[in-house]
Amino acid sequence: MRLVLNVDGGARGNPGRAAIGAVISDLDGTVLEEIAEQIGVATNNVAEYRALLRGVTAARALGADELEIIGDSELVARQLTGDYRVKHAALKPLHAEALRALNGMRWTIRTVPRAQNSRADALVNAALDERWRSSSA
């Protein structure tokens, strides 16, 4: 089954409070699952990888064997395709884990401007806003 995975991760502060967002859809655009989770303190790039990992895991659970991944992180996309080397020590294990998660699956990854990834971005911000409200209450 081929699915579409939109992912985003973000941190308020870098590093700072971080969250992930993922939207899994079928090819007709029907949303099958949405994920919005807080991940503690992390950098933006770590959050982007964590969003990808969480989304791939959820897509596999839905039966995906082919995945079109869409995000706004050029760094993550180019590292996964091998166009960029992974230099930062904190990203190396996440990169390796992402490749393991995608192993045995046909996949593509492409980047789009944040405005074209708006639902995943909104999920990140909703998770971050909820955490802020919870910790300030």
Side-chain angles (χ1 to χ4, degrees):
M1 170 190 325
R2 182 173 182 201
L3 296 178
V4 177
L5 171 62
N6 287 76
V7 294
D8 195 19
R12 293 198 178 145
N14 199 23
R17 291 181 301 109
I20 61 169
V23 180
I24 303 167
S25 315
D26 65 17
L27 296 180
D28 295 326
T30 302
V31 174
L32 305 175
E33 186 170 345
E34 290 188 330
I35 300 162
E37 296 175 356
Q38 305 154 12
I39 61 167
V41 174
T43 65
N44 287 322
N45 291 331
V46 166
E48 294 281 1
Y49 266 107
R50 296 272 308 271
L52 175 88
L53 287 163
R54 181 68 176 84
V56 170
T57 300
R60 276 197 184 271
L62 291 169
D65 59 4
E66 187 172 350
L67 205 51
E68 178 184 355
I69 304 163
I70 302 167
D72 57 29
S73 173
E74 185 175 329
L75 178 78
V76 170
R78 290 189 180 251
Q79 286 179 340
L80 286 175
T81 59
D83 293 332
Y84 288 176
R85 287 188 348 205
V86 183
K87 296 177 185 174
H88 196 281
L91 298 183
K92 287 182 180 185
L94 292 168
H95 175 261
E97 188 177 348
L99 290 177
R100 280 193 304 274
L102 292 164
N103 189 38
M105 176 182 275
R106 289 189 312 181
W107 59 275
T108 59
I109 188 166
R110 64 185 170 97
T111 57
V112 295
R114 180 174 290 143
Q116 292 177 26
N117 201 31
S118 59
R119 183 59 189 154
D121 182 65
L123 291 168
V124 169
N125 285 301
L128 287 168
D129 290 344
E130 181 58 34
R131 179 175 186 143
W132 182 81
R133 281 194 295 275
S134 296
S135 48
S136 64

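- Residues W107 and L99 approach most closely at CZ2-CD2, 4.4 Å, considering heavy atoms.
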Solution key, residues 47-60 side-chain donor-acceptor pairs under 3.5 Å, sequence neighbours excluded:
residue, atom, partner, partner atom, Å
E48, OE1, G9, N, 3.4
Y49, OH, Q79, OE1, 2.7
R54, NE, E37, OE1, 3.4
R54, NE, E37, OE2, 3.0
R54, NH2, E37, OE2, 3.1
T57, OG1, L53, O, 2.9
R60, NE, A101, O, 2.9
R60, NH2, A101, O, 3.0
R60, NH2, N103, O, 2.6

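- For T43, the side-chain contact (heavy atoms from CB on, under 4.5 Å) partners are N14, P15, N45, V46, not counting sequence neighbours.
- The CD1 atom of I109 sits 5.0 Å away from atom CG of L80, with the distance rounded to the nearest 0.5 Å.
- Remark: R100 engages no residue in a side-chain hydrogen bond (donor to acceptor under 3.5 Å, both in side chains) (not counting sequence neighbours).
- Between A36 and A127, the closest heavy-atom pair is C-CB, 4.1 Å.
- When hydrophobic clusters are built by joining Ile, Leu, Val, Met, Phe, Trp and Tyr residues whose side-chain heavy atoms come closer than 4.5 Å, directly or via intermediates, L62 is grouped together with L102.
- Using a 4.5 Å cut-off between side-chain heavy atoms of Ile, Leu, Val, Met, Phe, Trp and Tyr, I70 falls into a hydrophobic cluster with V4, L27, V112.
- Looking only at distances, a side-chain donor or acceptor of D26 sits under 3.5 Å from a matching main-chain atom of D28.
- Looking at residues two or more places apart in sequence or on another chain, you find a side-chain hydrogen bond (donor to acceptor under 3.5 Å, both in side chains) between D83 and T81.
- To the nearest 0.5 Å, atoms NE2 (H88) and NE2 (H95) are separated by 15.0 Å.
- In this structure, A22 and L5 approach most closely via the heavy-atom pair CB-CD1, 4.0 Å.
- For N44, the side-chain hydrogen bond (donor to acceptor under 3.5 Å, both in side chains) criterion is met by no residue, not counting sequence neighbours.
- In terms of the side-chain contact (heavy atoms from CB on, under 4.5 Å) criterion, residue partners of R119 (sequence neighbours excluded) are, by chain and number, V23, E34, A122, L123.
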Chi angles and distances behind the side-chain contact (heavy atoms from CB on, under 4.5 Å) call for R106, D65: CA-CA 6 Å; R106 289 189 312 181; D65 59 4; 5.8 Å; no

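- Take R114 and apply the salt bridge (charged side-chain N to carboxylate O under 4.0 Å, His left out) test, not counting sequence neighbours, and it matches D72, D121.
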Derivation of the side-chain contact (heavy atoms from CB on, under 4.5 Å) call for R2 and E68: CA-CA 8 Å; R2 182 173 182 201; E68 178 184 355; 3.5 Å; yes

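- Annotation: side chain of V7 is not in contact with side chain of V76 (no heavy-atom distance under 4.5 Å).
- Residues forming a salt bridge (charged side-chain N to carboxylate O under 4.0 Å, His left out) with E97 (at least two apart in sequence, or on another chain): none.
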D129/R12 under side-chain contact (heavy atoms from CB on, under 4.5 Å): CA gap, chis, key distance, verdict: CA-CA 10 Å; D129 290 344; R12 293 198 178 145; 2.8 Å; yes

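- Remark: I24 CD1 to T30 OG1 distance equals 13.5 Å, nearest 0.5 Å.
- Here the CD1 atom belonging to I69 is positioned 11.0 Å from the CG atom belonging to L3, to the nearest 0.5 angstrom.
- With rounding to the nearest 0.5 angstrom, the OG atom of S73 is 10.5 Å from the CG atom of N117.
- Note: D8 CG to I35 CD1 = 13.0 Å, rounded to the nearest 0.5 Å.
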